Amino acid sequence: MAVYFDHRVEAPDSSGAAVLISWHSSVCVLAVGSVNPSTGGCVDLYLQQGEHVELCHVERGFSPSLLQWHPTKLLLAVGWETGETMLLSHPSGELTPLPNNTHNACITVLEWSSNGGRLVTGDQAGVMAVWRVDARGKLQGSPLIKHDYSKPLTCCIFRPPPPAEDVAMLARAAVSGDESALDMFNWKKSNKRAAFALGSQEGLTFYISTADGSVYSVDEQARSVPLVSVESKIQTMWYSKRRDVLAVVTDSLLLSQFSLGPEGIAQEISKVKLSGRGVQHADIVWTENGLLITASGEQHIRLWDVELDDHYALSLDESLGFEKGELLNCVSFCTSKLLAAGTSRGRVALWHMVTVSDQQGDTKIHWKLQTPAEVEGNISQLQWGSSSHLLAVCSSSCVVILSEHVLCSHYSQQMAAVQLTPTQLSLANFNTNTHITFHTDTHIRAVQVTKDMVAVWNGKYITVYEPSGQTLHSTGSFQCESPALVVHEENIYTVEPNRVQIRTPQGTVKQLLAFSEAEGNPTQLSVCGSYLAVGTDTCHVRVFDLTRREAKAMGVTKNLSELIPDLGALRSVRCNASGSQLSVLIAQVQKRLFLKGFCSFEIQLAARCPVSQFWDENEPRLFVCETVPVNSDLLCSIQSQTEKAVWENMARMCVKSRRLDVARVCLGNMGNARAARALRNAEKEPEVEAQVAVLATQLGMLEDAERLYKSCGRFDLLNKFYQAAGQWQQAVETAETHDRIHLRTTYYSYAKHLEALGDKNLALVYFEKSDTHRFEVPRMLMEDNLSLEIYINKMKDKDLYKWWGHYLESQSDMEAALHYYDLAQDYLSQVRVYCYLGNIQKASEIANETGNRAASYHVARQYEGQDEISQSVHFYTRAQAYNNAIRLCKENNLDEQLMNLALLSNPEDMMDTAMYYEEKGTHMDRAVMLYHKAGHVSKALELAFATEQFGALQLIAEDLNENSDPALLARCSDFFIKHTQYQKAVELLVAAKKYHEALQLCLDQSLTITEDLAESLTVPKDSSHLSEAGRKELLEKIADCCMRQGNYHLATKKYTQAGNKIKAMRALLKSGDTEKIVFFAGVSRQKEIYVMAANYLQSLDWRNDPEIMKNIIGFYTKGRALDLLAGFYEACAEVEIDDFQNYEKAYGALTEACKCLTKAKGRSGDEADRKLLILTHRLGLVKRFIQARRMHEEDPVEAVCVCESLLEEKDLDPAVRVGDVYGFLVEHYCHHGNFQQAWSKIEDLRSTRPNINLSLYVSQTSLEALQNAAGVRLVYRDTDTHAAEDDEEVEEDENINH
């Protein structure tokens, strides 16, 4: 039976109410996030008894939102409500913030992959990022993936990696050469004593959900694809490895299950509404076997077995101390089958899951409710720690760590002590048959009793009590953190490193029982009768006799590792009442019990595991062992094979199978650190064969290594391999044929090898091939000067000549040195030696003849030292050391040479020389020029103005630009205006930002404004020199000037930039550029401009250009000028009548004109009504004439009547030409042979239109017929181009001309 100790966390004063708790998965460290309304939020770390880790405290001005521990490392991911995310390291407190601007909203997702190599972060705005974390727990740069889902993210889970395999079986198969076993071989250690486990390193595919009910799958290649979608917000997800099923639960407690296929396609297999209130913050947990547990503030918690499709509820029992109406807020489940639930009254309900089998063999799960633990306040969160004995409880008032403790007990000398509660003991004395129950001031973690004393240990202190009637009183207390404690008579035995302490009840150390370093640290103590048994962490045991005043060792210390094969750690050591027998309980996969006396033997416990052992205090032959059943799987497991030969054979097999992952494990078990390091360094090579070749080399498999290098084409590594193996000829051949990039390096390495062997002649050859002979051969032959000199003379190399000359100079052989310097053409060395010998004249000749700058400089220094200034300046100039030459000229007043030298030198020297001239007050023109050449234009101008050097001003002004001083620019412009150089003055005014003055100057002096000048006068938008209104005004002035000069296109551009499109259109109309006018009207989109463009187009030959007509109609329509459009349609109708006599098209045009006037009627008032009335009348006349022409075939008489009636209309001619009506009647009468009537109509026409051209209205055939019938010849002109060449009207013969 167990009880729970409560430890309140030692929270700092600045922390507020706890809102988040999180245990590390393997270490007893608790993270707590809290919020203080006045200071903000903080995160703190605590140990298992609530001790605060001072260095691990993080404060921010806002609240933490999520806490998530790394699965293996002491690294905590912390997310805040502002989007800030960081990694907190324990125990150093080091903070690693994630890059800024990754998240800008509250963090809602923090999830580590199974091995901690990836971290997924997500926020309320829908931004998800995946980060890489290396093996040291360090964040690697920017995120691997960043995706915006545009919906709040709710939860995330990683798809688990494949399950582990049987390592021992695979190891034996791998050694025997089984390829499939090698393919499955992948190792990792689970703990320091357990066997190796085989499985996938890490699963990197994960599922992430959003607030709209969508789930996305993100694979290892960073591809995010929609997977499933449900009706509402997803609160939690769970993945079943066994069935490949993804289960999701929404905030409305809707459970959906989806089967995931190999192609990543999800298929819904079930959907069910869970019982309970669907609140947003219901606490939901999953167990590994698919049990869904929910607590939603009701009086019971609900459980749903997803795989068995079974559900039930657990309620509280008032008989165990719970109150009626107590609500369950949160739940937590641990692997030891304990279910904890927090209530609204501050109680922690605990259920233990028990599996029972019925008579038919079916198993059922029962939940046994235990006595609750109590804390203060309303419990909001629960979480089991890395150990199933730790439970963190977060309530409204505090955070408490509940530590499970198995009730302890002890029996000795007819005295028994049994723990009842964390602070309560029950004592029984079987000699007197009395019973005492008493409370202690501290938690009880261990108890030891004798007939006269009770010792209680709380983990830090030991308190000693003595019986006094029906109660106990304390006789002493002292600090002690010993993990082992026993009591014998008046002595207390405790342990510390390498020794056992014998103490008095007050804690005074009476005696020390020392253990050597080889024997280890004592960890196990037990007393039986008058003998003390001690076990160490190195599996050594010793027995001490306690019958004397001081404890005395019996025999020597025994090393059980030598006696018991495959010994694990010692779990318990006991001796019998006579000290002659020793029993040892060891921790192995198969727990085994050994008894040792004069001989040792093992007690075999078939299918059972020993958990505790006891010897009778009086009868030395009586031994009791408590056992429990053992899982049959543990009995079948074996330890991994560790012999070096096996591992080496496996490593060799890895060369054949190219399995480097297995090879790493083999090398580690072989203890071959050098090979392991070489293999790790080889991982940077991209070819697997090259990596395997490194492994083969380390294992001595040289032929395999050579073959692998050749097969992958890595001849550079093959070259190094040959060199390391001493196969230099193969290395050279490989470099010459396949690895020429390393050819010289190979030659050099081979030469060094030959030199080491003493073969200098051959080494010399390869030094030459490697092109390192200029320094390596002199080094090698330094001890043999004669051979070296012969070699140098033979090579005829300038570098070697120079080196030998230096050597001879160092030996004071100047003549020989000069000879070799001459051969090497080393003029500096020759000049230096001649100057040393005092022959400066010869040195000067060499410097002058060769022009060598270094030689000239050296000679110049020599002359300067001898105060021969002119010669020194000359040679400084040849050496291009102008600053030195300038220095000498200024010191010696050589002003004539100074100017030329300054012009040859750099700007700094020019400035210095100009200042020199200015200070002297002479040659001011030179100073101005030098300031100008040096780039100091303002200074040059100031000096030019001061000294009135106008010629220089013109040259300087050419370099002025907008970056120059505005005042200086204005001053220069005034100068140019004064000298009538207006163009240059305008440019300077523009550079000085004086745009109005520049424009006015152009107007005053009638300067042509070119496009470049106009652009320079144009002020950029958002300029600080002019407001927007001023800028537009300036642009309009520029455009006005361009208009005066007839540059209409440029004027259009500037008007447009000024925003005055009307003026721009007027300028463009003056240019007569029809194409640009049409384009400008189309892009301007203004009514006035459309009308202006249409009016312009009407002035063109639109009658013969359909495109122009189309644009006219389009522009009038877009410009809403319907009256003008109607007028244009009327003009079109007149053209159709006058030019083509096509009354049908004319009628259509007039109809469109009527429509336009009808639309314009409401805008133009009475004028539009009057025009519409006239146009309607004209339309009617045209229609009657068209009808007459059409009905002539069927009803000629009616057609003649219509035409006669039309002739009676007073205003016929504007609509229908009178000549066309008379012509129609003449044609009709001629056609019917009524020539007299036809002649009458001609006479009528002549009377109304005396000068009319008859051929325009009557066909030539009818005229000829009429002439023949009347016997009268008409003189008229034919309109045909072959009959007449002009457009004069037809004249009649004198006989009929009245």
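Everything quoted here is computed from the prediction, not taken from an experiment.
- Using a 3.5 Å distance cut-off with no hydrogens or angles, the side chains of Q729 and Y750 do pair a donor with an acceptor.
- Formation of a donor-acceptor pair under 3.5 Å by the R499 side chain with backbone atoms of A514 is not found in this model.
- A donor-acceptor pair under 3.5 Å links the side-chain atoms of N521 to the main chain of N498, judged by distance alone.
- Salt bridge E519/K558: absent, no basic N to carboxylate O contact under 4.0 Å.
- Two residues are said to be in side-chain contact when any heavy atoms from C-beta on lie closer than 4.5 Å; L246 and I157 meet this criterion.
- At a threshold of 4.5 Å between non-hydrogen side-chain atoms, the residues M780 and E776 do not count as touching.
- With sequence neighbours left out, the ring pair (Phe, Tyr, Trp, His ring centres under 6.0 Å) criterion links Y722 to no other residue.
- Ionic pairing of R664 and E683 is present here: one or more N-O contacts between side-chain nitrogen and carboxylate oxygen are shorter than 4.0 angstrom.
- Partner of L119 under the side chain to side chain contact (heavy atoms under 4.5 Å, CB included) criterion, out of L87, L139, L75: L87 alone.
- Under the rule for a ring pair (Phe, Tyr, Trp, His ring centres under 6.0 Å), the partners of H70 that lie at least two apart in sequence or sit in another chain are W112.
- In this structure, CD on Q691 lies 11.5 Å from NZ on K684, to the nearest 0.5 angstrom.
- Tested against V130 for a side chain to side chain contact (heavy atoms under 4.5 Å, CB included), the candidates I208, T121, I145 yield a single pass: I145.
- Of the charged side-chain nitrogens involved, none lies within less than 4.0 Å of a carboxylate oxygen, so that E703 and R707 do not count as a salt-bridged pair.
- The shortest distance between side-chain heavy atoms of V495 and V534 does not fall below 4.5 Å.
- Under the rule for a ring pair (Phe, Tyr, Trp, His ring centres under 6.0 Å), F515 has no partner lying at least two apart in sequence or in another chain.
- Within the structure, every pair that satisfies the salt bridge (Lys or Arg N to Asp or Glu O under 4.0 Å) test and touches residues 687-701, not counting sequence neighbours, is listed here: R658-E689, E687-R714.
- No side-chain heavy atom of W384 sits under 4.5 Å from any side-chain heavy atom of W23.
- Ring geometry, F158 versus F206: the interplanar angle falls from 30° to 60°, so the pair is classed tilted.
- Within the 4.5 Å cutoff, no side-chain heavy atoms of M128 are placed close to those of K146.
- Within the 4.5 Å cutoff, the side chain of W131 has no heavy atoms near those of the R118 side chain.
- Salt-bridge formation is not detected for the pair K138/D134: no Lys NZ or Arg NE/NH1/NH2 atom is positioned less than 4.0 Å from an Asp or Glu carboxylate oxygen.
- Within a 6.0 Å sphere centred on NZ of K73, heavy atoms belonging to other residues, nucleotides or ligands number more than 12.
- Sorted by first then second residue, the salt bridge (Lys or Arg N to Asp or Glu O under 4.0 Å) pairs that include residues 672-681, not counting sequence neighbours, number zero.
- Residues passing the ring pair (Phe, Tyr, Trp, His ring centres under 6.0 Å) test with F333: none are found, sequence neighbours excluded.
- Residues R659 and D661 are paired through a salt bridge, judged by an N-O separation under 4.0 Å between the basic side chain and the carboxylate.
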